[in-house]
Amino acid sequence: MQGRLSAWLVKRGLVHRSLGFDYQGIETLQIKPEDWYSIAVILYVYGYNYLRSQCAYDVAPGGLLASVYHLTRIQYGVDQPEEVCIKVFAPRKNPRIPSVFWIWKSADFQERESYDMLGISYDNHPRLKRILMPESWIGWPLRKDYIAPNFYEIQDAH
């Protein structure tokens, strides 16, 4: 089933895939990494000027990685926001997705966390570096194929 935003994008010839609606009735779209930045700019101009959240997850061991964006458009008042969920999938070997930091500044720490935990590289992000793990940390802890080291440093635990 196609939602309002999907129909609007189709009218303008913008490539995407409708993934239906979530349990709250929020439309979910899949965008290819190479199309994401231009579609993000168009969505911002269309009125989606609030990035509510950005997160990422590992779809399956050895499979794709996903970067998820929850956007909000407030056109008729704060009690009737229009929301959309955008999913951008990237290959595990070299996961690269354009950063939307220059569109929505709130993407800054959220994209850094996705990089730190899953290794998704956000192109053109101004400060893409680890935010939770030490700079010397090896690997991406939230990947399903991550092997945890057999040591745990318990400093300042008390």
Side-chain angles (χ1 to χ4, degrees), residues 3 5-6 9 14-46 48-73 81-157:
L5 182 60
S6 182
L9 292 171
L14 298 168
V15 179
H16 70 286
R17 181 174 161 225
S18 178
L19 299 177
F21 297 86
D22 70 6
Y23 72 98
Q24 293 179 313
I26 296 172
E27 186 174 7
T28 304
L29 304 175
Q30 178 183 342
I31 309 286
K32 292 180 181 176
E34 58 270 19
D35 299 329
W36 172 227
Y37 189 79
S38 58
I39 290 179
V41 169
I42 291 165
L43 291 175
Y44 182 85
V45 171
Y46 183 61
Y48 287 94
N49 59 2
Y50 179 59
L51 173 64
R52 192 165 44 105
S53 69
Q54 183 277 331
C55 62
Y57 66 94
D58 189 347
V59 177
L64 297 170
L65 301 173
S67 187
V68 182
Y69 301 82
H70 295 272
L71 305 173
T72 303
R73 176 182 186 217
E82 189 178 322
E83 298 180 42
V84 68
C85 175
I86 306 289
K87 293 187 177 188
V88 182
F89 294 96
R92 171 179 234 82
K93 266 204 188 304
N94 186 19
R96 302 188 75 80
I97 294 174
S99 173
V100 292
F101 170 82
W102 300 107
I103 303 167
W104 298 286
K105 299 290 190 224
S106 59
D108 186 10
F109 281 19
Q110 297 174 63
E111 287 182 343
R112 285 181 59 193
E113 182 179 351
S114 297
Y115 165 74
D116 194 7
M117 296 288 104
L118 292 155
I120 298 172
S121 185
Y122 292 91
D123 296 337
N124 297 320
H125 190 286
R127 310 176 266 291
L128 193 63
K129 61 180 184 173
R130 290 198 180 268
I131 191 169
L132 300 172
M133 305 303 285
E135 284 293 329
S136 60
W137 195 267
I138 297 170
W140 315 109
L142 288 185
R143 285 194 181 187
K144 292 182 178 176
D145 54 1
Y146 177 70
I147 299 170
N150 348 343
F151 67 90
Y152 292 94
E153 193 172 319
I154 307 177
Q155 50 184 68
D156 303 326

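Side-chain atoms are counted along with the backbone in the values below, which use heavy atoms only and exclude waters and symmetry mates.
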Pairs involving residues 50-59, ordered by first then second residue, that meet salt bridge (charged side-chain N to carboxylate O under 4.0 Å, His left out) (sequence neighbours left out): Arg52-Glu83, Asp58-Arg92
Side chain to side chain contact (heavy atoms under 4.5 Å, CB included) against Val15, all qualifying residues, sequence neighbours excluded: Asp35
Heavy-atom side-chain contact between Val59 and Leu65 under 4.5 Å: no
Heavy-atom donor-acceptor pair, Trp104 side chain to Tyr48 backbone, under 3.5 Å: yes
Flag, side chain of Arg73 to backbone of Tyr46, donor-acceptor distance under 3.5 Å: yes
Point-to-point distance, once rounded to the nearest 0.5 Å, from CG of Leu19 to SG of Cys85: 8.5 Å
Atom pair CG/CD1 of Asp116 and Ile131 - distance to nearest 0.5 Å: 7.5 Å
Distance (rounded to the nearest 0.5 Å) between Ile120 CD1 and Ile97 CD1: 5.0 Å
Atom NZ of Lys105 with >12 non-hydrogen neighbours under 6.0 angstrom: yes
Name of the residue among Tyr115, Phe101, Trp102, Tyr37 meeting ring-ring contact (aromatic ring centres under 6.0 Å, His included) with His125: Phe101
Straight-line distance of Ile147 CD1 to Ile138 CD1, nearest 0.5 Å: 13.0 Å
Which atom of Trp36 lies closest to which atom of Val100, heavy atoms considered: NE1-CG1, 3.2 Å
Cation-pi, Phe109 ring and Arg112 (6.0 angstrom, 45 degrees): yes
Over 12 non-hydrogen atoms of neighbours within 6.0 angstrom of OH in Tyr57: yes
Considering all heavy atoms, the nearest Arg127-Asp108 contact: NH2-OD2, 2.8 Å
Derivation and outcome, side-chain contact (heavy atoms from CB on, under 4.5 Å), residues Leu29 and Leu9: CA-CA 10 Å; Leu29 304 175; Leu9 292 171; 3.7 Å; yes
Pairwise distance CD1(Ile103) to CG(Leu43) - rounded to 0.5 angstrom: 8.5 Å
Over all atoms of both residues, closest heavy-atom pair of Leu64 and Pro91: CD2-CA, 3.9 Å
Nearest atoms (heavy-atom pairs only) where Pro98 meets Tyr122: O-CD2, 4.3 Å
Euclidean distance, Ile86 CD1 relative to Tyr69 OH, rounded to 0.5 Å: 10.0 Å
Nearest heavy atoms of Pro95 and Gly119, plus distance in Å: CG-O, 3.3 Å
The single option from Ser114, Cys55, Ser53 passing side chain to side chain contact (heavy atoms under 4.5 Å, CB included) against Val68: Cys55
Pairs touching residues 18-30 that satisfy side chain to side chain donor-acceptor pair (under 3.5 Å), sequence neighbours left out: Arg17-Gln30
Geometric cation-pi criterion Lys144 and Tyr146, 6.0 Å radius, 45° cone: no
Residue from Glu111, Lys87, Gln54, Gln110 passing side chain to side chain donor-acceptor pair (under 3.5 Å) with Ser67: Gln54
